[in-house]
There are 2 protein chains.
Amino acid sequence: MPPVVTMGADGRRAGRRPATSAAELEHLALQIFAERGFEETTVDDIARAAGIGRRTFFRYFASKNDVPWGDFDGQLEVMRASLASAAAGEPTVAVLRRAILDFNTYPPAEGAWLRRRMTLILRTPALQAHSTLRYASWREVIAEFVGRRVGQSADALTPQAVAAAHLGVAVTAYEQWLLAEGTDLVAILDEALGLLATGFAAF
Amino acid sequence: MPPVVTMGADGRRAGRRPATSAAELEHLALQIFAERGFEETTVDDIARAAGIGRRTFFRYFASKNDVPWGDFDGQLEVMRASLASAAAGEPTVAVLRRAILDFNTYPPAEGAWLRRRMTLILRTPALQAHSTLRYASWREVIAEFVGRRVGQSADALTPQAVAAAHLGVAVTAYEQWLLAEGTDLVAILDEALGLLATGFAAF
DNA sequence: ACATTAATGGCACTCGGTGCCGCAAGTGAA
DNA sequence: TTCACTTGCGGCACCGAGTGCCATTAATGT
């Protein structure tokens, strides 16, 4: 039997309202991580600071490692749509390059937060490791697009290789960006992806 | 004060002898993983099966995740030496390609074990994630070589990008190899690395 | 008031991993 | 043989992440 959805006129559904939100929790947690470090901060610390129970924390995030990822999946859907709507005439790698640059273009106000988030993810071993699992869906989106373009299954060698190479290079660009304070992420990404398009045969 | 190393004529050092070896433990653990699954096998299970204490297990492996990696670091040193001894005239990517193929060329007898190991690593989320940390040193070896060749720091964009792209493509080749039973790993690796050398501009 | 729905959070438990420390089992030398 | 020394073993207690269970709380409409 389908659940009877009781809903108020203002769109509020029945039931107790969430005590906080994933975004709010993330914001708070990132602050504590910055102060005390990721490993040194326990889930209890975060929960206590947020005024919620430890158990409740795990209803907002599947794991402590998932905290710094924001709405990654949502952003991914935007990229998927962007790829799908590309003109058929435009070369595959060009579309890819543009989509990746878009995916990583943030409003200037968020620049500082992005740096914090990515420093955490790329320099904390536990998060570095965990990132692989999040990147998997990123690669899948790319592979599906390339597969469509070259008329192969997304699981085939070429789409998967293109996706993996682009991911590796994009992450490398992020690492370079973090190395120097005042640099432009998109410019570095563009340069790095350029290397990939031409191929490494020149070396 | 420097420790006085007392050592027998036959090369045996003083002190109690190890009850087992990392290789032996790995062999045993891999068998249990294959039967019961990685997540379903506790460290206690492995220790009990090996007749050692749980505490002792962690003297052989830094973590449960490190079990399936064999002598990865040792192999890496071989690759590093191989890269260092390459003729200066040979193109960088060609050297790289050959070194990677060598690195992944195993005696036929080990083929079945390799498949087991890699299936475990590439299809178990926890191990997939952990692999990133092991791959870091692999990338470093490549980046150092490329840096030397192009006259840049190993930390610079180009060496890092080349390393990351090669890693991504190599792992992809492994995944393709696992998809079909009778295939030749080295051939797939060669094909995949070929894509990278030419670049993706053709797509 | 009452049924319903959804979120909270406490409790107990499992498992990976670590620090501490006493003990076992080897060594060469007195 | 006995002793000092060295190295590996492993029990114990502890921490922290993550999960299943379930009673409780706070919101909804009838």
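Note that these values count all heavy atoms, side chains included, but never hydrogens, waters or copies made by symmetry. So that the names make sense, note that chain A is the first sequence line, chain B the second, and so on, each numbered from 1.
In this pair, A:Phe61 and A:Phe57 present their aromatic rings tilted. The plane angle is within the 30 to 60° band. Aromatic ring pairs are classed by plane angle as parallel below 30°, tilted from 30° to 60° and perpendicular above 60°; the pair A:Phe72 and A:Trp69 is perpendicular. The aromatic rings of B:His27 and B:Trp113 are tilted relative to each other, their planes meeting at an angle between 30° and 60°.
Per the geometry, CG belonging to B:Asp45 stands 8 Å off P belonging to C:dC15, to the nearest Å. Per the geometry, CD1 belonging to A:Ile52 stands 7 Å off P belonging to C:dT8, to the nearest Å. Rounded to an integer number of Å, the gap from B:Phe38 CZ to C:dC15 C1' is 12 Å. Between B:Lys64 atom NZ and C:dG16 atom C1' there is a gap of 8 Å when expressed in whole angstrom units. Distance, B:Glu40 CD to C:dG16 C1': 15 Å, rounded to whole Å. When rounded to the nearest whole Å, the span between CZ of A:Arg17 and C1' of C:dT5 equals 13 Å. Rounded to a whole Å, the CG atom of B:Asp44 is 12 Å from the C1' atom of C:dG17. In this structure, CZ of A:Phe57 is placed 17 Å from P of C:dA7, rounded to the nearest angstrom.
Residue B:Gly53 is classed as a sugar-phosphate contact, given heavy-atom separations below 4.0 Å to backbone atoms only.
Using modelled atom types, one finds a donor on one side chain and an acceptor on the other under 3.5 Å when comparing B:Thr42 with B:Asp45.
At a cut-off of 3.5 angstrom, the base of D:dG20 holds at least one donor-acceptor pair with the side chain of A:Arg55. Looking at A:Arg59, its side chain comes within 3.5 Å of the base of C:dG9 through a donor and an acceptor atom.
Checking C:dC15, D:dT28, C:dG17 against the side-chain heavy atoms of B:Thr42 singles out C:dC15 as nearest.
Between A:Phe33 and A:Lys64, the closest side-chain pair of non-hydrogen atoms falls below 4.5 Å.
For C:dT8, the OP1/OP2 oxygens have a side-chain nitrogen or oxygen of A:Tyr60 closer than 4.0 Å. At C:dG9, one or more side-chain N or O atoms of A:Thr56 fall inside 4.0 Å of OP1 or OP2 (strictly under the cut-off).
In terms of position on DNA chain C, the residue among B:Ala62 and B:Arg16 whose nearest nucleotide sits closer to the 5' end is B:Ala62. In this structure, B:Ala19 and A:Arg54 both approach DNA chain D, and ranking their closest nucleotides by distance from the 5' end singles out B:Ala19. Both B:Phe58 and A:Gly15 sit near DNA chain C, but only A:Gly15 has its closest nucleotide nearer the 5' end.
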